[in-house]
2 protein chains.
Amino acid sequence: MNQSNILENRFPGRRAALKREILEQALYCFNELGLEATTIDAIKARCDTSVGAIYHHFGNKEGILSALFFAAQDDQRHRLEQELAGANSLREAVYSIIWSYLDWVVDNPEWARFLYQARSPVAKGPFQEELTNRNIQNYRKLKERLISFGNDDIKIIQPFEMLFSLIIGPSENYCRAWLSGRVKTSPQEYRKEFAESVWRSLQS
Amino acid sequence: MNQSNILENRFPGRRAALKREILEQALYCFNELGLEATTIDAIKARCDTSVGAIYHHFGNKEGILSALFFAAQDDQRHRLEQELAGANSLREAVYSIIWSYLDWVVDNPEWARFLYQARSPVAKGPFQEELTNRNIQNYRKLKERLISFGNDDIKIIQPFEMLFSLIIGPSENYCRAWLSGRVKTSPQEYRKEFAESVWRSLQS
DNA sequence: AAACAAAACAGAATAATATTCTTCAACAGA
DNA sequence: TCTGTTGAAGAATATTATTCTGTTTTGTTT
């Protein structure tokens, strides 16, 4: 049972019920068994439907993968934009990015886990271009938002392409470790420390 | 053609020639086509051998994947240990970790690319336990090495499990972006900036 | 060198899995 | 009600992974 409503937001209505069900069970299978080890048959069995229905909705296995991936990514980005909208300085913006990221992962661990492992396959599959476009788009928007605050209150010495890695890198690495069980403490416990550390790292 | 000798180090000698060849071509296929899209037949065709030979050497597709993965990981760790051995302070140690990481990725881009995308599958497959053990081992060793310098010259406020993410997170994120083509500038150009930024982030 | 055992290799046969195709049912709009 | 469109089922097919059996090469022992 998924407490979040990522699927309901993206595929609303009664008629999409089976579509959502397939995606939900596929998400479970992918996370539990791994991408390659998950068979259409396994998904079919878990939601008690037919191969015909699955292929009707998604075309092929990659279609399921991509649908899940983009749903998750959009939800994550949506959260980011909400948080970022309230920021009134570069410092607040950096904090927003980090906190919204950590919060989202903690709120949607299964989706986050999937997002990490599905990126490479999606990046190579038939949705390659769509993914690239989205990334460029998101990247540009974020850049403009950050630049909008100006550099006055603090000198940001790093080039921009590096800046993004400095901001999100530590949180991302920790979340991966947490989702894989390598570390036990919830990322949320370190919210403050992550944001402050990053902010320190940005001072010239 | 691979200029590095990761394979020759790990599977030396004349008799392992085909084994190395299979791995090299498999690496190429996995990176080019993706893990799932790579078929045994495609690998077979590229090194002009038989399915029998492939299965004799690796058991199954996951066997190939895992052999490549552990070869790469060991080489990367080896480089880290070499660099780390020369460090005389916590500051130098942090620099060593970051620099050896960036250098290794730049020297072995194909291997690095593979390492990122193969982690999840290997972590779930039959070598799950071996991977976990190695990680625990490496993690412990690194921790002890860092602790050996003492906290005297600088206060490290973060808990240790978080510390590792602060050190390697930014570099890792940037390398992923670089290997996927999202950013163009070589990680090596930012060697200094990455290390200095991280060191700043660690000051209390 | 001859004999033997073990490993390397080849390729046909089989099994597992993804995908297509044909058919029928539910449903929305005229 | 009729009609075209979408949803769904499951048998049939195609693709791919894996097994199995036999042959060759290699290394070792006598």
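A, B, ... follow the sequence lines: proteins, then strands. Residue 1 opens every chain. Below, all heavy atoms of this structure are taken into account, side chains as well, without hydrogens, waters or symmetry copies.
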Six-ring centre of Phe164(A), Lys143(A) cation under 6.0 angstrom, axis tolerance 45°: no
Near-strand residues of residues 28-40 of chain B, defined as heavy-atom separation under 4.0 angstrom from DNA chain D: Thr38(B), Thr39(B), Ile40(B)
Face-on cation placement of Arg46(B) at Tyr28(B) ring, 6.0 Å and 45° thresholds: yes
Heavy-atom side-chain contact between Leu65(A) and Phe114(A) under 4.5 Å: yes
Close residues, residues 123-130 of chain B, relative to DNA chain C [heavy-atom separation under 4.0 Å]: none
Any residue meeting side-chain hydrogen bond (donor to acceptor under 3.5 Å, both in side chains) with Glu172(A), in chain and number order, not counting sequence neighbours: Asn173(B)
Terminal contacting nucleotides, 5' and 3', DNA chain D versus chain A (heavy atom, 4.0 Å): dG7(D) to dA11(D)
Partner set under side-chain contact (heavy atoms from CB on, under 4.5 Å) for Arg140(A), not counting sequence neighbours: Ile136(A), Gln137(A), Glu144(A)
Leu35(B) and Pro121(A), any side-chain heavy atoms less than 4.5 Å apart: no
Arg77(A)/Glu81(A) salt bridge by N-O under 4.0 Å criterion: yes
Short N-O contact, Arg10(A) and Asp75(A), less than 4.0 angstrom: no
Can you check nucleotides 8-15 of chain C for protein contacts, nitrogen or oxygen pairs under 3.5 Å, and list what you find?
| unit_1 | atom_1 | unit_2 | atom_2 | d |
| --- | --- | --- | --- | --- |
| dA8(C) | OP2 | His56(B) | NE2 | 2.8 |
| dC9(C) | OP2 | His57(B) | NE2 | 2.7 |
| dA10(C) | OP2 | Thr49(B) | OG1 | 2.7 |
| dA10(C) | OP2 | Ser50(B) | N | 3.3 |
| dA10(C) | OP2 | Ser50(B) | OG | 3.3 |

Rounded distance (Å) that lies between atom C1' of dA7(C) and atom CZ of Phe11(B): 16 Å
Non-hydrogen side-chain atoms of Lys19(A) and Phe58(A) separated by less than 4.5 Å: yes
Protein-nucleotide distance (Lys61(A), atom NZ; dA18(C), atom P), rounded to Å: 5 Å
Interatomic distance where CZ belongs to Phe58(B) and P belongs to dA7(C) [whole Å]: 16 Å
pair Phe70(A)-Phe127(A): side-chain heavy atoms closer than 4.5 Å: yes
Expected output: side-chain Arg113(B) to main-chain Leu179(B) donor-acceptor under 3.5 Å: yes
Glu196(B) with Lys192(B): basic N within carboxylate O range, under 4.0 Å: yes
N-O pairing of Glu83(A) and Arg79(A) below 4.0 Å: no
